[in-house]
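For reference, the structure is listed below as C-alpha cells.
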Amino acid sequence: MNEGRVVSFFRKSLFAVALVSATALSPLSASAETILGALAKAYENNSQLNSARAGARVTDEGVAIAKSGWRPTIAGNAGVDYSATRRAGSTTNLSSASFGVTINQTLFDGFQTKNNVAAAEANVRASFESLRNTEQNILFTAAQAYMNVIHDRQVAALTERNLQFLTEQARAARSRFDVGEGTRTDVAQADASRSAAVAQLSAARAQALSSAAIYRQIVGDEPKSLKSASPLGKLLPKNLDGALGVAQGQHPAILATQHLVDAAGFSVKSAEGALLPQLSASAGISQAYRNTSPDAAADGNSTSASIGATLTVPIYSGGRTPAIVRQNKESLGQARIQVDVSRDQVRAAVVAAWTQYQAAGEGVSANRAMVAAAQLALNGVIEERNVGQRTTLDVLNAQADVITAQINLASSERDVVVASYGILQATGALSVDRLGLKVVKYNPEEHYNAVKDKWTGLRTPDGR
C-alpha cells in the first residue's frame, strides 16, 4: 500500500513538474507582462538611460558655447568717486561718476571659432550614437533580467516539486523499515537527500528574489506574472558573416568613435589657429559727471565715444601654443586607434553572441531529450525497486538526474532567448523601432535644435 502511494505520488509529481516546465515559457493570462512590455518600461523608466540622455543634453550646449565666438560681447560699466582735499585751511570736495557701454567683436581669430563649432557638432553626433548604444545596452539588460526572473522562478518551482518527491520517498523508506522491508541505510539516504533538497529550495528562492530585485532596478516595476518569450529568430541576420557586416556598418559604438575622430581633428585645427593673427573691433560710449566744491568752474557733464580695431600677431608664447597643438595631435591619433578598438570589440561581441545562440538552441533540443530519457529511467528504477531489484539510493539518484535535466532545459530555454537579443545588441540593431516597442521615442535632436542657435536665455527648453 505504501509503495502504491509512492508510485501514485511520483506520477502526480512528474505531471506537475512537466506542467511547470511546459508552461514556464508559454503564454499566461492576458494581463501578464510581456518581454516587450518590460523593455518599453525600461526605456521610459531606467535611471541610467535617463542619465545618459541628460549627458547628451549637456553636450548639446557645447555648440552654443562655441558659436559665441562669432558674436559680439557687450559690457556696461559704471563708477562713482568722491575725494576731499584740505589746503591752507580750505577743503575741496570732488565728486565724479561715469557710466558707459562697450561692444567688442572678433573679426578674425585664425579660424578657431569655426573649428571649435565643427568640433562641438562632431561631439554632439558622437553623443547621439553613444546614447543609442546605451539604449541598446539597457534594452538587452532588461531582456536578460526578464528571462532570469522566469528561469529562477521555474528552478524554484522544480526544486519545490523535487523536495515534495523526496519527502514522500523518506516517508516511504521509514514505512518499509517499520514493516521490515527496508534498512536503516535506505532511511538515512532518503533523509539526507531530502535535507539537501531543503537547502537547494532555500537557495533557489533566494536567487528568484535577487533576480526580481535586479528586474525592479532595471525595468522600474515589480515582476509580477511574466509571459513566455521567444527567440528573435526573424529579426536576426541569416549567418555570422551577415551579422558581422551589419555590425561594422551600423553599430553606434563604432560610429561614436568615428565622430570623435572628427572632433579631435577640428580641435587640432583650432589649436593651430592660435598661431595666426587675431583681429577684433570695439566701440564704446560713456557719460561722465563731475562736481567740485567750492570751486565749480570745471564741473559738468561730458560724453565720449570711441571706435577702433586691434590686430594681434602672436610671436612667441613660451612654447605653450605648440605644446597644445602637439597634445591635440596625439589625442587625434588616440581617437583613430579607438575606432579600431571599437571594431574589434564589436566583432568579438557578435561572434560570442552568435555562437551562444547556436549552442543554446542545440542545448534546448538535447536537454528536452535528456528530460524525457531521465523521466523514463526514473519510472523504470521505481518499478524495479518495488520488486526488489533496485535500492532507494538508485531511486534518489534517478530523481537527481531528472531534476538536473529539467533545470538544464530551463537554462537552455533562457539562454536561447537572451542570446537572440544579444545578437541584435552586438550588431547595433536592438532598437525601439526594430522591436516595435509601444513607447514615445526619445529624440535627442529636439533638444539640440532648440539650443544650438540660442543667443540669450537662462531657462532650459523644458522650462527649468
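In this structure the side chain of Leu226 reaches within 4.5 angstrom of the side chain of Pro223, judged on heavy atoms. Taking the side chain as every heavy atom from C-beta outward, Tyr421 and Leu435 approach each other to under 4.5 Å. Residues Asn46 and Val219 fail the side-chain proximity criterion, which asks for heavy atoms closer than 4.5 Å. When side chains are defined from C-beta on, Gln48 counts as touching Ile138, because their heavy atoms get closer than 4.5 Å. Residues Gln207 and His151 are not in side-chain contact: their nearest non-hydrogen atoms beyond the backbone lie 4.5 Å or more apart. Ser280 has its side chain out of reach of Leu107: every pair of non-hydrogen atoms, C-beta onward, lies at least 4.5 Å apart. Annotation: side chain of Gln144 is not in contact with side chain of Ile218 (no heavy-atom distance under 4.5 Å). In this structure the side chain of Val63 never reaches within 4.5 angstrom of the side chain of Asn123, judged on heavy atoms.
Contacts classified as salt bridge (Lys or Arg N to Asp or Glu O under 4.0 Å) and involving residues 228-253 (residues at least two apart or in different chains) are not found. Residues in residues 107-133 take part in these ring-ring contact (aromatic ring centres under 6.0 Å, His included) pairs, two or more places apart or across chains: Phe108-Phe111. Note on residues 321-333: pairs passing side chain to side chain donor-acceptor pair (under 3.5 Å), not counting sequence neighbours, are Ser317-Thr321.
Taking the side-chain contact (heavy atoms from CB on, under 4.5 Å) definition, one finds that Ala247 meets it with Val346, Val350, Thr427, sequence neighbours left out. The side-chain hydrogen bond (donor to acceptor under 3.5 Å, both in side chains) search around Asp191 returns Arg174, not counting sequence neighbours. Partners of Arg205 according to the salt bridge (charged side-chain N to carboxylate O under 4.0 Å, His left out) rule, which considers only residues two or more places apart in sequence or in another chain, are Glu160. Legend: residues meeting side-chain hydrogen bond (donor to acceptor under 3.5 Å, both in side chains) with Asp262, ordered by chain and number and at least two apart, are absent. Taking Glu129 as the reference, Arg132 meet the salt bridge (charged side-chain N to carboxylate O under 4.0 Å, His left out) condition, with sequence neighbours excluded. Residues passing the side-chain hydrogen bond (donor to acceptor under 3.5 Å, both in side chains) test with Arg57 are Tyr442, sequence neighbours excluded. The side-chain hydrogen bond (donor to acceptor under 3.5 Å, both in side chains) test applied to Gln136 returns no partner, not counting sequence neighbours. Taking the salt bridge (charged side-chain N to carboxylate O under 4.0 Å, His left out) definition, one finds that Lys224 meets it with nothing, sequence neighbours left out. In this structure Asp453 satisfies the salt bridge (charged side-chain N to carboxylate O under 4.0 Å, His left out) test together with Lys67, sequence neighbours excluded.
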**OP:** Could you go through the salt bridge (Lys or Arg N to Asp or Glu O under 4.0 Å) check for Lys438 and Glu44 one step at a time?
**Re:** CA-CA 11 Å; Lys438 297 180 181 179; Glu44 294 176 333; over 6 Å; no
Original post:
Could you walk me through whether Asn379 and Glu383 pass the side chain to side chain contact (heavy atoms under 4.5 Å, CB included) check?
Top reply: CA-CA 6 Å; Asn379 283 332; Glu383 294 297 334; 5.6 Å; no
Original post:
Between Asp60 and Lys452, is a side chain to side chain contact (heavy atoms under 4.5 Å, CB included) present by the stated rule, with each step listed?
Top reply: CA-CA 7 Å; Asp60 292 344; Lys452 66 178 182 179; over 6 Å; no
**OP:** Test side-chain hydrogen bond (donor to acceptor under 3.5 Å, both in side chains) on Asp415 and Gln356 and set out the steps.
**Re:** CA-CA 8 Å; Asp415 293 344; Gln356 288 171 2; over 6 Å; no
**OP:** Give the intermediate values and the outcome of side chain to side chain contact (heavy atoms under 4.5 Å, CB included) for residues Gln112 and Glu272.
**Re:** CA-CA 8 Å; Gln112 292 184 73; Glu272 291 173 340; over 6 Å; no
Original post:
For Leu49 and Tyr43, what are the C-alpha separation, side-chain angles and deciding distance, and is it a side chain to side chain contact (heavy atoms under 4.5 Å, CB included)?
Top reply: CA-CA 7 Å; Leu49 182 53; Tyr43 184 82; 4.2 Å; yes
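Checking side-chain atoms of Thr59 against main-chain N and O of Gly55 turns up a donor-acceptor pair under 3.5 Å. In this structure a side-chain-to-backbone donor-acceptor pair under 3.5 Å is missing from His251 to Ala429. No side-chain donor-acceptor contact under 3.5 Å links Asn367 to the backbone of Met370. Put simply, the side chain of Thr355 gets close to the backbone of Val351: a donor and an acceptor are under 3.5 Å apart. Side-chain atoms of Gln105 come within 3.5 Å of backbone N or O of Trp70 as a donor-acceptor pair. A donor-acceptor pair under 3.5 Å links the side-chain atoms of Ser420 to the main chain of Leu232, judged by distance alone. In this structure, Ser210 contributes its side chain and Ala206 its backbone to no donor-acceptor pair below 3.5 Å. Side-chain N or O atoms of Asn162 include none that pairs as donor or acceptor with a backbone N or O of Leu158 at under 3.5 Å.
For the pair Lys441 and Asp433, the salt-bridge criterion is met [side-chain N within less than 4.0 Å of a carboxylate O]. Electrostatic pairing of Glu33 and Lys41 counts as a salt bridge here, judged by a charged N lying under 4.0 Å from a carboxylate O. Classification of Arg343 and Asp340 as a salt-bridged pair holds, one side-chain N sitting under 4.0 Å from a carboxylate O.
A distance of 12.0 Å separates CD in Gln406 from OG in Ser411, rounded to the nearest 0.5 Å. Rounded to the nearest 0.5 angstrom, Phe140 CZ and Leu39 CG are separated by 10.5 Å. Residue Asn45 holds its CG atom at 8.5 Å from CZ of Arg216, rounded to the nearest 0.5 Å. Separation of atoms OG (Ser211) and CG (Asp152) is listed at 3.5 Å; rounding is to 0.5 Å. Interatomic distance, CG of Leu260 versus CG of Leu332, reported as 11.0 Å (0.5 Å rounding). Rounding to the nearest 0.5 Å gives a distance of 10.0 Å between OG of Ser282 and CD1 of Ile103.
Residues Ile324 and Ala271 share a closest heavy-atom pair of CG2-CB, 4.0 Å. Between Gly242 and Pro237, the shortest heavy-atom distance links the atoms C-CB, 4.0 Å. Considering every non-hydrogen atom in both Ser342 and Ala253, the closest pair reads OG-O, 3.9 Å.
With Pro252 as the partner, the side-chain contact (heavy atoms from CB on, under 4.5 Å) test is satisfied by one option alone out of Asn137, Leu131, Thr257, Asn133: Asn133. Shown are Asp109, Thr113, Asn116; of these, the side chain to side chain donor-acceptor pair (under 3.5 Å) with Ser270 is made only by Asn116.
Around CZ of Arg347, the count of heavy atoms belonging to other residues, nucleotides or ligands within 6.0 Å does not exceed 12.
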